[in-house]
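Worksheet: one structure, shown below.
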Amino acid sequence: MDTPLHFPLGKPVAITLPRCYDGEAEALCALLDAGAPVIHIRKPDAPAAQVEALLRQLRDAGADMTRLTLHHDAALARRYGLGGIHLREGALREWLRQHPDKRHATAQGASAPDVQKTQTQQTQQGNDTYTPRLSAPAHSWEEAARLAPLCDYVTLSPLFDSVSKPGYLAGIDPADACRRLRRRTDETAKPIPAAIPAELPVSGSGSRIIALGGITPDNISVARAAAFDGAAVIGAVWTTEWLGTGPQPDPKNSDRTPSPGNRPPAGTPSHDISRIDLTATLSNYQRLTRRWQAAGGTLQFISDGDPAAAEAFLQGGGRWVQLRMKDTPAEGIIARGREILALCRRYDALLIVNDDPRLAKAIGADGVHLGQNDTPPDEARIILGRQAIIGCTANTFAHIARIAQSSADYIGLGPFRYTTTKKNLSPILGEEGYRRILRQMARAGIRLPVAAIGGITEEDVPQVMACGVNGIALSGAISRAGEIAAATARFTELVAAHRTIVTP
Ligand SMILES: Cc1ncc(COP(=O)(O)OP(=O)(O)O)c(N)n1
Ligand SMILES: Cc1ncsc1CCOP(=O)(O)O
Ligand SMILES: [Mg+2]
């Protein structure tokens, strides 16, 4: 059992519905195939026999049991070799007392008598090799701080009004979360193994916090911008109605997002799940994933196709490259694109292609960036499919309002200042323009991630990030840097340290 979890998680954690459904094992296998790093099996409304039947079906279907986490029942998790167990504080402390060889009970706040007891129990238990991931639920920062050192990650909820539990309203302020979490850049990049070695220092496992509660494709970018290490989703994975009373997905393009003004009021039962719909589930999960990934591209390098520069960016910690080769014939772009894609894959980074979805498809890239005069995003979606990340350029709030009605996943907003990298530059927005437009977005409830672009230098980063953008796209400041890897590391650090969330 050694599937490592890399933080921040590259895709959302899926959590099951509280009851058991026909076809659920198949749907969970499909979510694992779609790359869900972990699925939480949470079944408070199902009899134990049904939960066990589900685990049996999953095992018989060849599911990767190490990526499953079972809530509540540690014994059942162990019997089926599940990679993780999720326990409330009391049960977690009890489990730790009974398994002192798995964790650092003393350093985690257990009292001296507790430790003596655990040592006795350890001797009684003999050699036990089951070492699951441990996670626990928290509903306040105080609880999260208490529980995080005891386990591998904590789910902190509710960040937004719940989708699956009507009336369960947001309790964690994303802007406050951002202030608390944004400086933890050192720990989050490190992988932890599924089976935690006993010698793992407590401090190394103490900081992973996964956002939970009401997360949808519309707001998942906020969880990412707030520097949560992952996002866990229930209702928005399983709904077949796509969040209730707003415009229904266009049957020709089920990625169309409902307009913000048409969402049901908080607390309205927004979905009615009486069966598992595999197509809807996968589509929902892909959309959540795209938005989570798009919001994580906090530093985007706009590459002119030089593989050495792209590799230096990746070596410096950059994880998002946009290939922009303006005057090169298609064959040349495809050849360079494939070369840079191979590099990106080695570093687990994303590659998107400027302007042309067909070129992006030929390269096998993760998506495309489209300008005002390029292919419309919904057409690009049809060409590239539901997993592709689609970005769109905006120079005004009116552009953003239009893009928000499409299946685009992020916005490139600019230009921040004058640059020679782009011909026919639109009017410069400057700090004032960014602040105005981001406020308008917040008021309109549009939470598409925004990358700032245009002549941005290292000195600009604090000011640009303070406007509330998710990240920054750069060409010249990276490609003209003497030491690209070092410059990338500095930019990454600055962007992470100055994240801000704008509230309406
Ligand atoms: C992240 C990002 N934002 C904006 C642009 C500009 O795209 P576009 O308006 O299509 O201009 P060209 O890049 O095609 O000259 C971008 N490429 N990336
Ligand atoms: C592609 C693009 N779109 C608006 S400004 C710009 C150029 C970004 O490059 P630089 O960071 O060198 O100004
Ligand atoms: Mg373009």
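Small disclaimer: the values here were computed from a predicted structure and weren't measured. The basis for the numbers below is simple: all heavy atoms, side chains too, and nothing from hydrogens, waters or symmetry mates. Just so you know, ligand 1 is whichever comes first in the structure, and atom 1 is the first atom listed for that ligand.
Every protein residue with a heavy atom nearer than 4.0 Å to ligand 1 is included here: Gln300, Ile302, Gln322, Arg324, Lys326, Asn354, Asp355, His369, Gly371, Asp374, Thr393, Gly412, Lys422, Ile453, Ala473.
By the 4.0 Å N-to-carboxylate-O rule, Asp306 lies too far from Arg336 to be salt-bridged with it. For Arg345 and Asp366, the salt-bridge test passes: some basic side-chain N is under 4.0 Å from an acidic carboxylate O.
Listed for the Asp176 side chain is no donor-acceptor partner under 3.5 Å among the backbone atoms of Asp173. Side chain of Asn470 to backbone of Val450: a donor-acceptor contact under 3.5 angstrom is found.
The atom name of the N/O/S atom in Asp355 closest to the Mg ion (ligand 3) is OD1. Here the N, O or S atom of Asp374 that is nearest to the Mg ion (ligand 3) is OD2.
Using a 4.5 Å cut-off on side-chain heavy atoms (C-beta onward), Ile472 and Thr298 make no contact. Between Phe301 and Ser479 the shortest side-chain heavy-atom distance falls below 4.5 Å.
In this structure, Arg447 satisfies the cation-pi test against Phe160, with its NZ or CZ atom closer than 6.0 Å to the six-membered ring centre and inside 45 degrees of the ring normal.
Between His369 and Tyr410, the ring planes are tilted. Angles from 30° to 60° get that label.
Between the side chains of Asn284 and Thr281, no donor-acceptor pair of N or O atoms lies under 3.5 Å.
Counting non-hydrogen atoms of other residues, nucleotides and ligands closer than 6.0 Å to CD of Glu483 gives a total of 12 or fewer.
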Between ligand 2 and the protein, tabulate every N or O atom pair separated by less than 3.5 Å, reporting distance only.
residue: ligand 2; atom: 11 (O); partner: Ser475; partner atom: N; Å: 3.0
residue: ligand 2; atom: 12 (O); partner: Thr421; partner atom: OG1; Å: 2.5
residue: ligand 2; atom: 12 (O); partner: Gly476; partner atom: N; Å: 2.8
residue: ligand 2; atom: 13 (O); partner: Thr419; partner atom: OG1; Å: 2.6
residue: ligand 2; atom: 13 (O); partner: Gly455; partner atom: N; Å: 2.6

